2 protein chains.
Amino acid sequence: MELLSDAVKCGMISSMRTPYHPPIEDVTVEGILHAFSDPVRIEIYADLATAECAKNCSTFLTIQKRLLPKSTLSQHFRILREAGLIRSERKGVELINSTRCAELKERFGPMILAIIEAYAQQQKAV
Amino acid sequence: MELLSDAVKCGMISSMRTPYHPPIEDVTVEGILHAFSDPVRIEIYADLATAECAKNCSTFLTIQKRLLPKSTLSQHFRILREAGLIRSERKGVELINSTRCAELKERFGPMILAIIEAYAQQQKAV
DNA sequence: TTAATAGTTCCATAATTCCGAACTAATGAA
DNA sequence: TTCATTAGTTCGGAATTATGGAACTATTAA
């Protein structure tokens, strides 16, 4: 029996198997800035951007000294993903996340690096 | 008779005479990105950043081909101001607005320029 | 004074966000 | 095969934030 809808099959929405990632040409500056306007999300992206290797979502259940409910964390990852900032790939039972930094740099030039550096600078001062 | 409250006098909140502007060291990356995450606000800032001279609020009552209620526009200006992005000074009956670009560049390096350039690039393509 | 203009504040409605509970998907063990 | 476990998503109500019309305030000019 076929379980996936047509919309899923043609990639308009995500299945649980593979979440939806917008093509880079659909990614907008406002969408990126909205995603980064939340302290949890910018911290997640900054961490992924400087991490040695990709990380799963649950890595971030404690972030900035507080424990997040996993439904909330799931939403944050969805927003980062739909803003075009990260890629989430299933590996067994977990999703491993990495930034789409090459594509993003190609499309938005130095913007994202400048944001993350300003953010890192600010966090250092705290 | 004294009309201004203590809170106004010590600069914690704005009077109608002079709106409140946070000191540059209280300005945050997240606050700036939140302010920019709205299409109206980033457009206002981008316009002010490239304008020959400072502009009053009502200049932006029509923006991106739609007419904004002035209460909404007033909120957008307040958010830009409280994010530390713009300065609004009373000149007679109107407020004239300009960016705080020198201070911002000093504190956040190339971030804001990179954002506005990526935004301008994107708008050109539309 | 009064009128006109520029912006702000108030408040009700609309839209978003948060988070606990229930759910689904993948894996490994019995 | 089940069954249990783990990782993450979805649902739905509560809390927060945004929108915009109406009333208001401040400034200037007549």
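So you know, we letter chains A, B, ... as the sequences are listed, proteins then strands, and number each from 1. Side chains are part of it too, since the values below use all heavy atoms of this structure and drop only hydrogens, waters and symmetry mates. Keep in mind that this is a model prediction, so the values were computed, not measured.
- The distance between atom OH of A:Tyr20 and atom P of D:dT10, rounded to the nearest whole Å, is 15 Å.
- Across B:Ile115, B:Asn97, B:Ile86, a single residue satisfies side chain to side chain contact (heavy atoms under 4.5 Å, CB included) together with B:Tyr45, and that is B:Ile86.
- Of the residues in residues 72-85 of chain A, those lying under 4.0 Å from DNA chain C by heavy-atom distance are A:Thr72, A:His76.
- Defined by atom type and a distance below 3.5 Å, a donor-acceptor pair is present between the side-chain atoms of B:His76 and B:Arg41.
- Closest to the side chain of B:Val93, from the set D:dT6, C:dA6, D:dG21, is C:dA6.
- Using a 4.0 Å cutoff on non-hydrogen atoms, the parts of residues 32-69 of chain A near DNA chain C are A:His34, A:Asp38, A:Pro69, ordered by number.
- Taking a cutoff of 4.0 Å between a charged side-chain nitrogen and a carboxylate oxygen, B:Glu94 and B:Lys55 do not qualify as a salt bridge.
- Pairing each heavy atom of B:Gln122 with each of A:Val27, the nearest pair is OE1-O, 4.3 Å.
- Annotation: B:Glu106, atom CD; neighbour count of heavy atoms from other residues, nucleotides and ligands within 6.0 Å does not exceed 12.
- The nearest whole Å value for the distance from the CD atom in A:Glu89 to the P atom in C:dA26 is 15 Å.
- Side-chain contact between B:Tyr119 and A:Leu33 is absent, with no heavy-atom pair separated by less than 4.5 Å.
- Across the protein-nucleic acid pair, A:Lys70 atom NZ and D:dG8 atom C1' stand 6 Å apart, rounded to whole Å.
- Atom CD of B:Glu30 is separated from atom P of C:dT17 by 16 Å (rounded to the nearest Å).
- Between B:Arg90 atom CZ and C:dT8 atom P the separation is 7 Å, expressed in whole Å.
- Distance check: A:Leu68 CG to A:Ser74 OG gives 11.5 Å after rounding to the nearest 0.5 Å.
- Counting only N and O atoms by type, the side chains of A:Arg81 and A:Ser88 include a donor and acceptor under 3.5 Å apart.
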